[in-house]
Amino acid sequence: MKKYEGVMLVCNYTVGQADTDNLFASMQDNGSHIISFNIRLVDPGDRKVTLEEVCDEMRRDLAAYPEFNKTQVILGGSTSGIAGQASADFEIYGYDMEVTDSLAAQLRRELFAIKGVTEVNISRSDYQPEYQVEFDREKLAIHGLNLSTAGVYLRNRFNGATASRYREDGEEYDIKVRYAPEFRTSLDNIENILIYNNQGQSVRVKDIGKVIEKFAPPTIERKDRERIVTVSAIISGAALGDVVKEGQAVIEKMDIPIGVSIQIAGSYEDQQESFQDLGVLAVLIVLLVFIVMAAQFESLTYPFIIMFSIPFAFSGVLMALFFTGSTLSVMSLLGGIMLIGIVVKNGIVLIDYIILCRERGMAVINSVITSGKSRLRPVLMTTATTVLGMIPMAFGGGEGSEMWSPMGIAVIGGLTVSTVLTLILVPTLYCTFAGTGIKRQRRKMKKQRELAEYFEAHKHEIIKK
């Protein structure tokens, strides 16, 4: 709180093993060796540093503590969803847990050396130490006990047995009886626990079995009916595609044994699927816009001229993202798809007025010049209103600004570049196509005139024949 004064608003933590009655805590990672911090920062508009910068600084702070075996900083409070930080996940498939654990540790070390990777996590939890009581069946039978009875007694000593209920003001509370913590934490305490048979005779655990310390295997994760361990590289200040490309190079250099495979998943897989869906969506939008314009102008040439402004819109998107230091993401691509329907309006306005001037009898050059003079102001006004309306989204602060900012930047850059080039390109293309059309029409009329003159000169011979 002292170091991040003015940035951190609330900081609380939980530590220790959750009680067995606490169902919510039992679904989370907890234990006597785990500390969980929940930190809330001030609003983005009231601080100068971004959330990613704060998380990166905290990772460096935690790395300075040798007492911590494993640390993890979760941006946004969740490792998934839009609020989560981008990560490159590498899934290791294999049955032998020792082999996959070794590969995961090796891959973790290699990924840390990649630029832009600030944290690498392994999904498989550490092997947990625990006490196991191995009962001797013969000794149990000698003392009149069985495994079930001995196990129930032992469990009740630790977890507690419901002895009765306490009732007050219509509420009921379970009364659980169990050993105090100081009598159930050490190996000697467990060995001296008394177990009673049906005759009421007591016997100690060490007399009917032995207590050993073992490391319990972690929860086995499966995907596609195969054992899996995931190595997740948290990315900050680098493009996801670049990190994945370098990660693939690292995997190719590794000695992967037979029966083990490594695949890329996580944010990169989701991003590729989203890019494919958006690509199909963009193609459909272009076709629909072209069909609408073709029906409006009753021509295929004019829509083709207008659609030339779309590539320049995407070049403007890339330029804007480059100059602002943003990366090509799903949100910026959504902004680019929005531009398909926005940028063509300028070309429609110009072409429509040029056609009107041509119908009034003007020449091609005069029609283009008149249309440019008359429609320059409406085109600039509509573009300016759209760009100014996107400025708060692109450069404003507040919650969620990191997510929506790329969309605003993409719309501003694409619309600005496309408008400037449309005012030059569309009239030029119209003059080119119109000039070609006029020449073709003149050649056609010339052939018709020559045929008419030839028929007129030889009509008597043609009639005789």
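Nothing here was measured: the structure is a model prediction, and the numbers come from that model. Side-chain atoms are counted along with the backbone in the values below, which use heavy atoms only and exclude waters and symmetry mates. For reference, positions follow the sequence shown, starting with 1.
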More than 12 non-hydrogen atoms from neighbouring residues, nucleotides or ligands closer than 6.0 Å to [atom1] on [X], yes or no?
X    : atom1 : result
K70  : NZ    : yes
F322 : CZ    : no
M381 : CE    : no
N12  : CG    : yes
K373 : NZ    : no
E5   : CD    : no

Any donor-acceptor pair under 3.5 Å linking the side chain of [X] with the backbone of [Y]?
X    : Y    : result
T118 : I235 : no
S102 : E98  : no
T416 : G413 : no
R108 : V120 : yes
T370 : S367 : no
T428 : I424 : yes

- V289 pairs by side-chain contact (heavy atoms from CB on, under 4.5 Å) with which of L284, I310, V344?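 Filter result, single survivor: V344.
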- Item | Positive for side-chain contact (heavy atoms from CB on, under 4.5 Å) with T386, one of L415, L339, I412, V343 | L415
- Item | Test log, rule side chain to side chain contact (heavy atoms under 4.5 Å, CB included), inputs N38 and T14 | CA-CA 9 Å; N38 187 12; T14 58; over 6 Å; no
Indicate the atoms forming the closest heavy-atom contact of [X] with [Y], along with that distance.
X    : Y    : answer
Y353 : R360 : OH-NH1, 4.2 Å
T419 : V379 : CG2-CG1, 3.9 Å
G336 : V317 : CA-CG2, 4.5 Å
A282 : I337 : CB-CG1, 4.3 Å
S315 : V417 : OG-CG1, 4.2 Å
A88  : V244 : CB-CG2, 3.9 Å

- Task: Kindly determine whether I256 and S261 satisfy side chain to side chain contact (heavy atoms under 4.5 Å, CB included), including the steps that lead there.
- Result: CA-CA 7 Å; I256 301 176; S261 61; over 6 Å; no
- Item | side chain to side chain contact (heavy atoms under 4.5 Å, CB included) assessment of Y4 paired with V49 | CA-CA 11 Å; Y4 296 94; V49 294; over 6 Å; no
So do the side chains of [X] and [Y] get within less than 4.5 Å of each other, counting heavy atoms only?
X    : Y    : value
S36  : Y13  : no
V243 : V117 : yes
S332 : I409 : no
V42  : M8   : no
L380 : L423 : yes
S123 : E221 : yes
Y166 : E171 : no
R124 : M97  : yes

- Assess whether salt bridge (charged side-chain N to carboxylate O under 4.0 Å, His left out) is satisfied between R375 and D352, documenting all intermediate values. CA-CA 10 Å; R375 290 293 177 260; D352 186 64; over 6 Å; no
Spacing of [X] atom [atom1] and [Y] atom [atom2] [to the nearest 0.5 Å]:
X    : Y    : atom1 : atom2 : result
I122 : T100 : CD1   : OG1   : 10.0 Å
L356 : M362 : CG    : CE    : 8.5 Å
L103 : I251 : CG    : CD1   : 10.0 Å
F90  : Q263 : CZ    : CD    : 12.5 Å
C11  : R40  : SG    : CZ    : 13.5 Å
T162 : Y173 : OG1   : OH    : 15.5 Å

- Query: What residues form a side-chain hydrogen bond (donor to acceptor under 3.5 Å, both in side chains) with R167, not counting sequence neighbours?
  - Reply: E172
- Query: Under a 4.0 Å N-O cut-off, is there an ion pair linking K3 with E57?
  - Reply: yes
- Is the shortest side-chain N to carboxylate O distance from R59 to D56 below 4.0 Å? yes
- Item | side chain to side chain contact (heavy atoms under 4.5 Å, CB included) evaluation trace for L278 with L334 | CA-CA 8 Å; L278 291 176; L334 282 175; 3.7 Å; yes
Considering only distance and modelled atom types, tabulate donor-acceptor pairs under 3.5 Å from the side chains of residues 222-233, sequence neighbours left out.
| unit_1 | atom_1 | unit_2 | atom_2 | d |
| --- | --- | --- | --- | --- |
| K223 | NZ | E91 | OE1 | 3.2 |
| K223 | NZ | E91 | OE2 | 2.9 |
| R227 | NH1 | Y95 | O | 3.0 |
| S232 | OG | D89 | OD1 | 2.9 |

